[in-house]
Amino acid sequence: MAQLTDPSFTIRIDAPRKYVEICLLGMWDEATAKRFDQELRRLLPALPKGGCPIGEQNTLFDSTGYAVQAQDVSTHLAGMAADTSIGSRRIAVLVSSALSKLQTRRIAPGYGVFSDRAEAMTWLFEPDA
């Protein structure tokens, strides 16, 4: 059975918990990557209003429904990953395949990469050493 997942994303911000959850779906084009970038930058200012300065939140990317992306999209996302103005205390990425794991490590080498949600959440909220 073939399945097509439209390219999309959801961003959920829980400022009191200092938590952002982002779900990525489908195969993106450059326009979708730019829209994601703009929307994330539009929503992140909600963090300080909830008592969490930007950069102190923990972020989970659920990419289990996200395809391995083309080079232009990967390049855009790598630029976002390197941008400290939209960074987080910790960022975990849930992946569903070895190839997705490799691409994530190349795009965002400092992120935690997990195949188990519970492990990712435990890691995200561990106190700093």
Side-chain angles (χ1 to χ4, degrees):
M1 174 196 295
Q3 178 178 330
L4 172 67
T5 303
D6 287 336
S8 64
F9 57 87
T10 57
I11 303 169
R12 188 172 59 91
I13 294 176
D14 184 344
R17 284 185 58 215
K18 298 182 177 182
Y19 178 66
V20 177
E21 185 167 321
I22 299 170
C23 183
L24 309 175
L25 293 170
M27 184 66 163
W28 287 13
D29 57 14
E30 183 64 19
T32 305
K34 286 180 181 175
R35 193 167 46 86
F36 170 67
D37 192 343
Q38 292 168 347
E39 192 65 10
L40 184 63
R41 291 173 193 278
R42 185 184 74 78
L43 292 174
L44 281 179
L47 284 163
K49 294 175 188 168
C52 176
I54 294 174
E56 292 184 15
Q57 76 277 8
N58 295 304
T59 300
L60 176 71
F61 281 89
D62 182 342
S63 67
T64 55
Y66 192 56
V68 171
Q69 301 296 312
Q71 186 60 45
D72 61 335
V73 172
S74 295
T75 299
H76 189 107
L77 296 176
M80 289 180 69
D83 185 347
T84 58
S85 74
I86 57 172
S88 294
R89 177 184 160 270
R90 284 193 176 174
I91 300 174
V93 181
L94 284 175
V95 296
S96 59
S97 72
L99 192 54
S100 292
K101 184 176 189 175
L102 288 171
Q103 186 173 56
T104 299
R105 290 206 187 281
R106 186 177 48 78
I107 290 171
Y111 291 10
V113 182
F114 301 86
S115 57
D116 180 82
R117 183 182 183 89
E119 287 178 24
M121 295 300 287
T122 298
W123 178 80
L124 274 178
F125 288 97
E126 282 177 351
D128 289 332

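Below, each value reflects all heavy atoms present in this structure, side chains not excepted, and no hydrogens, waters or symmetry copies.
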[X] with [Y], same ILVMFWY side-chain cluster at under 4.5 Å:
X	Y	answer
Val93	Phe9	yes
Tyr66	Leu40	yes
Phe114	Tyr19	yes
Val20	Ile54	yes

Side-chain donor or acceptor of [X] paired with backbone N/O of [Y] under 3.5 Å:
X	Y	value
Gln69	Trp28	yes
Thr104	Ser100	yes
Gln57	Arg89	no

Between the side chains of [X] and [Y], does any donor sit under 3.5 Å from an acceptor?
X	Y	answer
Thr59	Glu21	no
Asp72	Thr75	no
Ser96	Thr64	no

Measuring from atom [atom1] of [X] to atom [atom2] of [Y], what distance do you get when rounded to the nearest 0.5 angstrom?
X	Y	atom1	atom2	answer
Leu77	Gln103	CG	CD	8.0 Å
Ile11	Cys23	CD1	SG	11.0 Å
Met80	Arg41	CE	CZ	6.0 Å

>> Using side chain to side chain contact (heavy atoms under 4.5 Å, CB included), reason through Ile91 and Phe61 one step at a time and then give a plain yes or no.
In response: CA-CA 8 Å; Ile91 300 174; Phe61 281 89; 3.6 Å; yes
> Do Leu60 and Arg117 touch side chain to side chain, with heavy atoms closer than 4.5 Å?
Replying inline: yes
>> Is any side-chain heavy atom of Phe36 closer than 4.5 Å to one of Leu24?
In response: yes
Identify the heavy atoms of [X] and [Y] that sit nearest to each other, and give their distance.
X	Y	answer
Ala120	Leu94	CB-CD2, 4.1 Å
Trp123	Gly112	CH2-N, 3.7 Å
Leu43	Ile13	O-CD1, 3.2 Å
Val113	Lys101	CG1-CG, 3.6 Å
Pro7	Arg35	O-NH2, 4.1 Å
Ala33	Val73	CB-CG1, 4.3 Å

> Who are the salt bridge (Lys or Arg N to Asp or Glu O under 4.0 Å) partners of Glu30, not counting sequence neighbours?
Replying inline: none
>> Applying side chain to side chain contact (heavy atoms under 4.5 Å, CB included) to Ile86 and Leu44, what does each step give before you reach the verdict?
In response: CA-CA 8 Å; Ile86 57 172; Leu44 281 179; 3.8 Å; yes
> Please walk me through it: do Arg12 and Asp62 pass salt bridge (charged side-chain N to carboxylate O under 4.0 Å, His left out)?
Replying inline: CA-CA 12 Å; Arg12 188 172 59 91; Asp62 182 342; over 6 Å; no
> Would Arg17 and Phe125 satisfy side chain to side chain contact (heavy atoms under 4.5 Å, CB included), going step by step from the backbone distance to the final call?
Replying inline: CA-CA 10 Å; Arg17 284 185 58 215; Phe125 288 97; 4.0 Å; yes
